[in-house]
Amino acid sequence: MEIQEALSKLDALQRKMIAYNHALGLIDYDGATAAPAGAAANRTETLALLSEESYKLSTSPETVELLDFLHENSAALDETHRRIVGNMYDEMNDMRRVPMAEYVEYQRLNAQSQDAWHQAKEKDDYALFKPYLEKMIAANRQLMRYMKPDLPTYDALLDRYEKGLTRERCDAFFDTVRQELVPLIHAVNAAPQVDDSCLFGHFPIAEQRKLSDYLMDVMKLDRAHVGIAETEHPFTTAFTKYDVRITTHYHENNFSYSMYSVIHEGGHALYDAHPADELAYTVLGCGVSMSIHESQSRFYENIIGRSRGYIRLIAPKLRELFPSLAEVSDEALYRALNKAMPSLVRTEADELTYCLHILIRYELEQKLFDGQLSVDDLPAEWNRLYREYLGIEVPTDREGVLQDMHWSGGLFGYFPSYALGSAYGAQMLHVMKQTVDVDGALAAGDLSPINGWLEEHIWKYGGLYDPGVLLEKALGAPFDPQYYVRYLRDKYTELYGL
Ligand SMILES: [Zn+2]
């Protein structure tokens, strides 16, 4: 085989894989948005069949021969193709170690587990989900044994979402967070509380939908390529950079929950929509890791979306849509939208206490995978940790252990990326401000300079570099969690007059 011939086969293979992923992703997305409740079993069968085809494609003798050849000749490839081949070669070998029947069975279990979680959460009945959770933990333990036999299971799970991340590095990060932020949270709790009553009332969903459109415009999301729908749990999915979907969940009694979901998912969507065009139909045409993804979504949600400048920018629109805010000042809105108080639900948590929600999940996951905690004891342990770290009682499993969809879909080891992403974002702001007038951009109502910096340093690279390499290139220095700690300390010291 000649190199040129192999590269055109590689191109065709990637396009086919992306088409399979498009179909699988769309069926999944449909299940969460529009499909009638009784369609779940049918969907599960379709997903299992397509997953089988997708598995066969990525492990077929032709694929193995092609990737073996290109891997052997990687010195003759340009940087982008070397990276594509390296990633596909590793992935293929990971996949080949998993027996096909087990892989297909896992896809089926995954769909059933998500369906059971939906029902369990709706009925506030953990017992409906428990057997599936147990099977998902066992299945993921087995998958990691096949795929990454040299790594301890929980390290293997962390590595899946952030290449190179280990429990040791996570522990070091969470130790800093625990030491520095827990005293700050205690000081905030002891200070006079901010009044956020203006956020509560009646906010018609029709008006909130208009707000979503407006927020997406402010972020400069191209609506020709980014859609929005409504789901129980907000998420973003990208089929290619040209077709990105975000979802939100409206609460009629408080507009801010959906508002920050839209800004958060919008941050993911900006990243998904902006890898360089030449990466679009390659395996590098998406975000490189979950924590870099979360650094973008949480940067927009909190660092931009909860800043004084941003709230001043959108306040006139809020007053136009919601008459109850007519007399509320910009500063009162800023304070209300930044109120910090221990709460039950992660996705509705404030910027300061948020990382404790992650810390709790991080500790529980390790115990579940180390065999120190059974699924029977999980709800009680969940509730105990909320009491210990956040000082609150969990009244129902729906607001406790059943609140997140992650574990039902096998996303173990994913949660730390939310906290790491937040910390990456704080350091990005520091570096961005050296060349971009962030406050000026917000005052002018034109976020292009902010998007421009993110596109130049993060988005356009897609999956071209490992997350650690990309981050250090963007920051011009190694990652340092002190930027995150300092950002939160400065913000909340001022807000609460500490
Ligand atoms: Zn996210």
Side-chain angles (χ1 to χ4, degrees), residues 25 28-29 32-33 114 117 157-158 160-162 165 170 173 177 212 215-216 219 221 226-239 241 244-250 256-275 286-306 343 345-362 365 403-426 428-429 451 454 458-459 462-463 467 470-471 484:
D28 216 35
Y29 171 83
T33 52
Q114 290 188 51
W117 168 76
L157 289 165
L158 289 173
R160 186 155 59 157
Y161 301 108
E162 175 86 350
L165 185 62
C170 260
F173 169 70
V177 163
S212 299
L215 296 169
M216 290 172 79
M219 294 177 81
L221 284 158
V226 182
I228 181 168
E230 291 162 36
T231 51
E232 176 64 28
H233 187 103
F235 65 87
T236 302
T237 186
F239 308 126
K241 67 172 282 188
V244 182
R245 313 293 178 94
I246 69 168
T247 74
T248 190
H249 186 102
Y250 295 111
S256 72
Y257 297 143
S258 168
M259 175 168 120
Y260 282 110
S261 290
V262 169
I263 302 173
H264 177 97
E265 302 307 334
H268 283 303
L270 281 169
Y271 186 18
D272 281 328
H274 287 91
C286 51
V288 68
S289 74
M290 288 334 300
S291 41
I292 300 291
H293 241 299
E294 288 301 327
S295 77
Q296 301 307 290
S297 55
R298 297 189 58 75
F299 181 85
Y300 249 104
E301 178 189 353
N302 293 315
I303 292 175
I304 298 298
R306 285 190 161 89
S343 60
V345 178
R346 177 186 63 85
T347 54
E348 293 163 10
D350 59 81
E351 187 178 5
L352 180 62
T353 58
Y354 184 88
C355 46
L356 294 189
H357 291 261
I358 302 302
L359 182 62
I360 289 169
R361 286 153 179 78
Y362 175 60
E365 285 185 340
Q403 67 179 265
D404 295 309
M405 56 77 67
H406 299 64
W407 291 341
S408 75
L411 300 177
F412 304 102
Y414 184 112
F415 282 116
S417 51
Y418 292 111
L420 281 167
S422 302
Y424 295 167
M428 280 177 204
L429 176 72
N451 284 357
L454 294 170
I458 306 287
W459 300 344
L470 176 73
L471 194 62
Y484 178 49

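Remember, it's 1-based here, ligands and their atoms both numbered in the order they're listed. As a basis for the values below, the full set of heavy atoms in this structure was taken, side chains included, without hydrogen atoms, waters or symmetry mates.
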For this session: Give a yes or no on whether His293 keeps an N, O or S atom under 2.8 Å from the Zn ion (ligand 1).
Result: no
Residue set satisfying side-chain contact (heavy atoms from CB on, under 4.5 Å) with Ser422, at least two apart, ordered chain then number -> Arg298, Tyr484
Contacts of Arg346 meeting side-chain contact (heavy atoms from CB on, under 4.5 Å) (sequence neighbours excluded), chain-then-number -> His233, Tyr354, His357, Ile358, Arg361, Gln403, Asp404, His406, Phe415, Tyr418
Worksheet item: Would you say Glu265's side chain and Thr247's backbone share a donor-acceptor pair under 3.5 angstrom?
Response: no
In His268, the N/O/S atom nearest the Zn ion (ligand 1) carries the name NE2
In Glu294, the N/O/S atom nearest the Zn ion (ligand 1) carries the name OE2
Using a distance-only test with no angle check, is there a side-chain donor-acceptor pair under 3.5 angstrom linking Glu294 and Ser291? no
